[in-house]
Amino acid sequence: MTKSIAVFGTGPGVGRAIARRYGREGYEVVLVARRQGPLDLLARELSAESITTHVISADLDRTDGVPALAEQIRACVGDPTALYYGPVPTDPVFVPAVDLTSEMLQDRMPITLYTLLALVREFLPAMIERGDGAILSAQGAAAVQGRANMSGWPTILAAQRNYLHSLAAEVADKGVHVGMLYIGARILGTPFEADYQRRQAQGEPVPDLAAADPAELADILWDMHTRRNRHETVVPAGLLDG
């Protein structure tokens, strides 16, 4: 049986690299994001590499659209063997904790947590029935350790992380692996990296961040999935020590 992965929040960084990494391993790939144009472009690139690719345009901020989205995915590949969840809100919002309001969190709950919960409820039962599956995610390292002036969206990411850790403990003996990657680096090839380089070139103050190759990040997630020897990795190593 052909294996497949649904990549939710397919962007220019880790999502794109995950699609290519799994495609190279013979997985059919379903690309899911809001904007059709970039998805079609990536699908053409992957198809040229002999990777079977399907494109579904969907707003992951609309949790009520998950049942219809799940049926679209099933029409392409059946219940996917693996899913990767890594969308980012249009405006993530990073604020000092003293300025955080409940409204800031409410607006970003659906895309960060509610839609993930709904997708897991859709696809986890088939993974358990097969005795094989993976639920993967990649987000910012602020989800793991709070930092000054970095509250807001990371607060919800921390809740997402808590849920995924609980899920990992519950499904590990059912053949389903949950793998989480937390990144404290700028990711090459992304709009953030381009803006970082622009600001640095203009002499503006920028945080001291290591650079990360998205292909190497995808390799880490693939390794967690296939080796099943850990549920969480932080990049760069040692970032949160001390």
Side-chain angles (χ1 to χ4, degrees), residues 2-62 65-66 68-92 110-112 115-116 119 122-123 133-140 179-183 185-198 211-226 235:
T2 302
K3 294 188 175 184
S4 60
I5 184 168
V7 182
F8 296 98
T10 308
V14 180
R16 173 188 294 263
I18 280 283
R20 180 166 278 112
R21 183 68 179 84
Y22 274 74
R24 290 206 318 265
E25 299 294 336
Y27 280 64
E28 287 193 37
V29 178
V30 183
L31 308 175
V32 183
R34 184 182 291 113
R35 294 192 297 149
Q36 183 82 30
L39 293 180
D40 288 340
L41 179 60
L42 177 56
R44 288 194 293 271
E45 293 176 6
L46 296 177
S47 296
E49 299 169 22
S50 300
I51 297 171
T52 302
T53 309
H54 310 271
V55 168
I56 298 175
S57 176
D59 184 355
L60 297 173
D61 215 17
R62 295 288 306 275
V66 166
L69 172 58
E71 288 309 306
Q72 286 181 278
I73 292 169
R74 292 187 181 106
C76 296
V77 297
D79 284 291
T81 314
L83 69 83
Y84 164 83
Y85 195 79
V88 176
T90 303
D91 181 6
I111 196 169
T112 309
T115 296
L116 172 61
L119 288 167
E122 285 282 349
F123 296 126
I135 296 167
L136 309 168
S137 71
Q139 294 292 357
M180 296 156 273
L181 177 61
Y182 293 99
I183 307 162
R186 63 188 201 274
I187 301 175
L188 300 176
T190 62
F192 177 88
E193 166 66 7
D195 185 63
Y196 184 97
Q197 294 289 351
R198 178 193 59 78
D213 183 339
E216 293 178 0
L217 299 176
D219 283 341
I220 292 171
L221 284 165
W222 172 256
D223 185 73
M224 280 197 282
H225 175 184
T226 54
V235 174

**Q** Check this for me: does any side-chain nitrogen of one of Lys3 and Glu25 sit under 4.0 Å from a carboxylate oxygen of the other?
**A** no
**Q** Can you tell me how far the OG atom of Ser4 sits from the CG atom of Asp79, to the nearest 0.5 Å?
**A**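 Ser4 OG to Asp79 CG: 8.5 Å, rounded to 0.5 Å.
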**Q** So how far is it from Arg34 CZ to Thr10 OG1, rounded to the nearest 0.5 Å?
**A**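 Atom-to-atom, Arg34:CZ and Thr10:OG1 are 12.5 Å apart.
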**Q** Quick check on side-chain contact (heavy atoms from CB on, under 4.5 Å): which of Leu39, Leu31, Leu42, Val7 does Thr53 satisfy it with?
**A**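 For Thr53, the side-chain contact (heavy atoms from CB on, under 4.5 Å) check succeeds only for Leu31.
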**Q** Applying the side-chain contact (heavy atoms from CB on, under 4.5 Å) test to Pro87, which of Ile111, Thr115, Asp59 qualifies?
**A** Ile111
**Q** Taking CZ in Arg62 as the centre, count heavy atoms belonging to other residues, nucleotides or ligands within less than 6.0 Å. Is the count above 12?
**A** no
**Q** Kindly give the heavy-atom pair with the smallest separation between Tyr84 and Gly15, and that separation in Å.
**A**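 Closest pair (atom of Tyr84, atom of Gly15, distance): CE2-CA, 4.0 Å.
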**Q** Please report the shortest heavy-atom distance between Gly26 and Thr2, naming the atom on each side.
**A** O-CG2, 4.1 Å
**Q** Any heavy-atom pair between the side chains of Arg74 and Glu122 that's under 4.5 Å?
**A** yes
**Q** Using the side-chain contact (heavy atoms from CB on, under 4.5 Å) rule, pick out the option among Val29, Asp219, Ile5 that qualifies with Arg21.
**A** Asp219
**Q** Return the CG to CD1 distance between Leu69 and Ile56, rounded to the nearest 0.5 Å.
**A**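 The CD1 atom of Ile56 is 6.0 Å from CG of Leu69, to the nearest 0.5 Å.
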**Q** Rounded to the nearest 0.5 Å, how far does CG of Leu46 lie from CD of Glu49?
**A**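 Taking CD in Glu49 and CG in Leu46, the distance rounds to 5.5 Å.
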**Q** Indicate the atoms forming the closest heavy-atom contact of Leu60 with Gly9, along with that distance.
**A**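 Shortest heavy-atom separation between Leu60 and Gly9 comes out as CD1-N, 3.6 Å.
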**Q** About how many Å separate CE of Met180 and CE of Met224, when rounded to the nearest 0.5 Å?
**A** 8.0 Å
**Q** Take Tyr27 and Val77 through the side-chain contact (heavy atoms from CB on, under 4.5 Å) test and state the conclusion after the steps.
**A** CA-CA 10 Å; Tyr27 280 64; Val77 297; over 6 Å; no
**Q** If every non-hydrogen atom of Arg24 is compared with every non-hydrogen atom of Ile51, which pair is closest and at what distance?
**A** N-CD1, 4.0 Å
**Q** Grab the two heavy atoms, one from Pro110 and one from Asp61, that are nearest each other, plus how far apart they are.
**A** CB-O, 3.5 Å
**Q** Under the side-chain contact (heavy atoms from CB on, under 4.5 Å) criterion, do Gln197 and Arg186 qualify, and how do the steps go?
**A** CA-CA 10 Å; Gln197 294 289 351; Arg186 63 188 201 274; 3.7 Å; yes
**Q** Considering residues at least two apart in sequence or located in another chain, which fulfil the side-chain hydrogen bond (donor to acceptor under 3.5 Å, both in side chains) criterion with Thr81?
**A** none
**Q** Can you name the nearest heavy-atom pair linking Leu119 to Tyr85, along with the distance?
**A** CD1-CE1, 3.7 Å
**Q** First locate atom CG of Leu41, then atom CZ of Arg35, and finally report the distance between them rounded to the nearest 0.5 Å.
**A** 10.5 Å
